[in-house]
Amino acid sequence: MSETNSPAPEAAEAHRYTAAMAADIEARWQDAWDAQGTYEAPNPTGDLAGDPAVVARPKKFIMDMFPYPSGAGLHVGHPLGYIATDVYARHQRMTGHNVLHTLGFDAFGLPAEQYAVQTGTHPRVSTEANIENMKKQLRRLGLGHDRRRSFATIDPDYYKWTQWIFLQIYNSWYDADAKKARPITELVAEFEAGTREVPGGRTWSALTAAERADVLGGFRLAYSSDAPVNWCPGLGTVLANEEVTADGRSERGNFPVFKARLSQWNMRITAYADRLLEDLEELDWPEAIKLQQRNWIGRSEGARVDFALGDEAVTVFTTRPDTLFGATYMVLAPEHPLVEKFVPAAWPEGTNEKWTGGHATPAAAVAAYRATSAAKSDVERQADAKEKTGVFTGEYAVNPVSGEKVPVFIADYVLMGYGTGAIMAVPAHDARDFEFARAFELPMRCVVRPTDGRGTDPAEWDDAFASYDAELVNSAGDGITLDGLGVVEAKAAITDWLAERGIGEGTVNFRLRDWLFSRQRYWGEPFPIVYDEDGVAHALPESMLPLELPEVDDYSPRTFEPDDASSKPETPLSRAEDWVHVELDLGDGVKSYRRETNTMPNWAGSCWYELRYLDPHNDAALVDPAVEQYWMGPREGAPHGGVDLYVGGAEHAVLHLLYARFWSKVLFDLGHVSSAEPFHKLFNQGMIQAYAYTDARGVYVPAADVEERDGGYFYEGRPVRREHGKMGKSLKNAVTPDEICAEYGADTLRLYEMAMGPLDVSRPWDTRAVVGQYRLLQRLWRNIVDEETGAVTVVDGEPDEATLRALHKAIDGAGADMAGLRFNTAIAKITELNNFLTKAGKPLERSVAERLVLLIAPLAPHIAEELWHRLGHAESVVHQDFPVADPAYVVDEAVTCVVQIKGKVKARLEVPPTISDDDLEKLALADDAVVAALGGAEIRKVIVRAPKLVNIVI
Ligand code: ANZ
């Protein structure tokens, strides 16, 4: 920071706007705002109830994606979005809105737990220290947050309600007819009354408690299941697919990973797939994010088709039922449960050697192939470029429409978790099937006539013909012919044909999977679930919430021999014996129970935090319904309700934003909230990038100490290379807001971040450019305060026309820009006005000075508050009205309009550029010169092209 000017506060400078002056102003006003509760937003009811006149204003609920309190603290990239929402919130406050803006902390998570494992410090201790540090850093920026509403997800008062929501979800089921979640008690009532059939066909009263629990588990929106997961004994934990490498090892530690069936909690988000898709339409979100959500949900329309295999039917899911005549083999996922049932003892006569994988029997081939594919991740199995592998099962199925026998393979390019885990392979028209068929010498049949001149014999093709825009061939059979139909008609025809025979039906399939909701971690919310002696799960009653984390000595999960595939995870909580084994009365006397020892994933706390900001101290309810309705409820333009503006990074396109939408919908269905969507408008801010510098060895050198000269960059005298990257510790280029605040003040930092470019675009940080905004504030100060004496220099009287024009244009443009989140152009307009006033070189009229201060107040609130008070006001600038532009001064000065009669110019009028055709016609016809030229002649037609031309035909 050596090259920037940071003048010491000398006596001669006592009245100049310097860093020292900024520091003093900013600290003083931050204290005053806190003391006066300047940013406290009143609720319509409850203990935050405020002034009814304020509550009656239109509301604006403005939110940021809340931060994880990392030990490294903030760099200047982090607050970009927070400053933007703050400027917007301030502008909204000044334009008559009741604004709610606050910020909490998303504080469960792995880093604190790992730090605890290394140092023995309790995660709560380190997390709370990090929160304190971050709060200090954020406060220094002058963010106008309602601090009464802030919380952290680790607060027991908060996670009590996270657990409570879990119980609501656990205690409900999705009624597909009503298209909504309903209490599980209503399902039980229907089973008891016999109005709904119990799966399995027995009567409800005939089932044991454990059997009933099992049946309900198939309906609950939160359920435990033993689906295959990635189990890593060496780390002692289950891993997400993204944490497993292509060779089936853990990314961290490089230990083997096994597919194991382990009992884990899941959320039935798939029940909401359709609504999550449909309701996207009404949201004011960036199109790119909507598209990512649509792809993630992945709705495919197609059909299920049964292929007979002995006495069994193997059901496939296909999006191209029209190609059924071209299905020349089948593939099942290696894990498909039917595989065990039909594998014959020996290979059928004449089996192609390529199909057997060199094994003596189908059973041996299948077992060997299953073992290798179990060690692979789904991502790896699906990789398009990968060579297709598989083995023949020794069995043939029957193509239902052609009657042909088709060989059945298992291959890992078919996933168990999608569709039905089985496909009909159409090698002529599907790229992956084409490659597989080539490798295994399987027959191909063209059933969609190629439109690219390649002919209809797939033996001569280089790849599959996959277009939809063509007609069917080679597709005639038992009572049906598709030949000559287009793909769309053929799909409909074959689907009807299958349905009539009861061997298929049209169906919709989703890519979306249920959400794996448990983790083998310490630092997360405990599940409010206990198991009885029979292993049946029971929900804790609300009165036992919050269920707090126990104290433990060791925060890490137990690890095993890395290749001990038979091991089972042992969670940190399971070692807290006194906590795990409890005697409880759950309504039928005191009994022994064992607590669930997994914890919730760190997404849980961010699934509903917008609701808690509304009513943070309510201990009787998640949120008061009237309060929720006021801030979040459906309204014009937002039929599903939701936060008015939510700003955060685009990296949260699916997980957080999808999970939060899902929880909102469940709470809405169960009647706890009036909003079915959490965030009505979403805006993604860009990233602040930074230059990083590497020396000859490619090692990063501290960016702050790099010098620029002669068009090159030097560190300790030696040339270094400049590159563009993220800001952070590892690139040695992090700049902290604290440094910039110390050097120039928070107002300068705020202006610089907002001026760097459009908010949604990434931009490179350049410390040397910050001084430009500092100078803007210095000129602003000098325009109002005498630097020698500290006296306010404004005068009474009316500003001249040119000043009024400059002022009103800036008000008009900057106000619209702030409302539209275009802060960079707002700053450009204010700068232009300030420069104009500086150049005029005379004292400002009071009315000009005051409006200038109000104009910049959302962007640079501290200097604005100081100047506002120096101008003689006792009340805060924060709640003043934003200036309103007088349209008369906003438009450009008059333009010249020519008036023609019979094509000859008879008059020239000076008119406002915005004049309407009607007004211009009246003006022209009333003009003396025009009246004289007309001489009373009858007017046949007047052609008006405002504002430049009037043509009169006589
Ligand atoms: C026959 C066919 C012919 C197919 C054709 C495609 C083109 P989306 O669109 O992603 O839903 N498929 C079905 N289940 C699968 C599984 N578990 N693992 C791997 N692939 C699976 O994809 C649906 C298509 O992917 C289905 O339609 C099926 O191949 C395949 F010319 O069936 B299709």
Side-chain angles (χ1 to χ4, degrees), residues 1-8 18-20 22-23 67 70-84 111 133-134 137 140-141 251-252 649-651 684-778 823-824 827-828 831:
M1 294 280 150
S2 46
E3 73 264 82
T4 49
N5 50 342
S6 159
T18 59
S70 128
L74 299 175
H75 61 59
V76 290
H78 295 118
L80 178 69
Y82 307 153
I83 295 172
N133 179 45
M134 223 178 228
Q137 285 189 297
R140 182 68 188 88
L141 301 176
E251 203 157 61
R252 195 156 52 87
E651 68 276 13
N684 297 126
Q685 88 272 13
M687 280 229 295
I688 290 193
Q689 297 164 326
Y691 293 119
Y693 302 86
T694 49
D695 64 16
R697 300 162 301 162
V699 173
Y700 288 102
V701 303
D705 300 331
V706 170
E707 289 171 286
E708 181 178 359
R709 62 181 132 86
D710 318 325
Y713 302 95
F714 298 88
Y715 173 67
E716 293 181 339
R718 279 187 288 275
V720 288
R721 242 172 49 102
R722 185 167 91 159
E723 47 184 78
H724 218 97
K726 270 189 157 180
M727 185 174 278
K729 258 194 183 155
S730 57
L731 269 53
K732 294 197 186 156
N733 61 358
V735 178
T736 65
D738 316 53
E739 300 167 48
I740 303 297
C741 286
E743 195 83 5
Y744 299 106
D747 281 337
T748 296
L749 172 64
R750 293 169 60 104
L751 277 174
Y752 176 66
E753 295 218 356
M754 291 301 99
M756 287 170 85
L759 187 59
D760 55 351
V761 170
S762 293
R763 65 290 294 284
W765 177 267
D766 183 2
T767 297
R768 276 164 298 211
V770 177
V771 71
Q773 299 303 326
Y774 181 58
R775 295 205 177 107
L776 165 66
L777 293 180
Q778 289 184 314
F823 306 116
N824 58 326
I827 292 171
T831 306

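The basis for the numbers below is simple: all heavy atoms, side chains too, and nothing from hydrogens, waters or symmetry mates. Only a predicted model underlies this, so the values are computations on that prediction, with no experimental measurement involved.
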Non-hydrogen atoms of N733 and A690 that approach each other most closely: ND2-CB, 3.5 Å
Rounded to the nearest 0.5 angstrom, the OG1-CG distance for T18 and L777 is 12.0 Å
Mark yes or no for whether N133, through its side chain, and A72, through its backbone, hold a donor-acceptor pair below 3.5 Å. no
Taking side-chain hydrogen bond (donor to acceptor under 3.5 Å, both in side chains) as the cut-off, I'd like each qualifying pair that reaches into residues 750-760, sequence neighbours left out, listed once. D86-R750
CA sep, side-chain torsions, deciding dist, call: I83, M754, side chain to side chain contact (heavy atoms under 4.5 Å, CB included): CA-CA 8 Å; I83 295 172; M754 291 301 99; 3.8 Å; yes
Quick one: side chains of residues 74-81, donor-acceptor pairs under 3.5 Å with protein atoms, not counting sequence neighbours, listed by atom name and distance.
| residue | atom | partner | partner atom | Å |
| --- | --- | --- | --- | --- |
| H75 | ND1 | G77 | N | 2.9 |
| H75 | NE2 | M727 | O | 3.4 |
| H78 | ND1 | H75 | N | 2.9 |

Taking all non-hydrogen atoms of both residues into account, name the closest pair between P758 and N824 and its distance. N-ND2, 3.3 Å
How long is the span from the CG atom in L731 to the CD atom in E723, to the nearest 0.5 Å? 6.5 Å
Parallel under 30°, tilted from 30 to 60°, perpendicular over 60°: which one fits the rings of H724 and Y691? perpendicular
What I want to check is whether the side chains of Q685 and Y82 have a donor and an acceptor closer together than 3.5 Å. no
With sequence neighbours excluded, what pairs up with A828 under the side-chain contact (heavy atoms from CB on, under 4.5 Å) test? none
CZ of R722: more than 12 outside heavy atoms within 6.0 angstrom? yes
To the nearest 0.5 angstrom, please state how far the OH atom of Y713 sits from the OH atom of Y693. 5.5 Å
Could you report the tightest heavy-atom contact between A19 and A742, atom names first, then the distance? CB-O, 3.8 Å
How close do A84 and F823 get, counting heavy atoms only, and between which atoms? O-CZ, 3.6 Å
Counting only heavy atoms not in R709, do more than 12 fall under 6.0 Å of its CZ? yes
Any salt bridge between R768 and E708, counting N to O under 4.0 Å? yes
Which heavy atom of C741 sits nearest to which heavy atom of L749, and what is that distance? SG-CD2, 4.1 Å
Return the CZ to OG1 distance between R775 and T831, rounded to the nearest 0.5 Å. 13.5 Å
Within the structure provided, determine whether P737 and R140 are in side-chain contact (heavy-atom separation under 4.5 Å). no
What's the spacing between Q778 CD and Q773 CD if we round to 0.5 Å? 12.0 Å
Using side chain to side chain contact (heavy atoms under 4.5 Å, CB included) as the criterion, point out the one residue from T694, V706, V699 that pairs with V720. V706
At their closest point, which heavy atom of W765 faces which heavy atom of M756, and how far apart are they? CA-CE, 3.7 Å
In this structure, CD1 of I827 is separated from CG of L751 (nearest 0.5 Å) by 5.0 Å
Okay, side chain of R763, backbone of A755: is any donor-acceptor separation there less than 3.5 Å? no
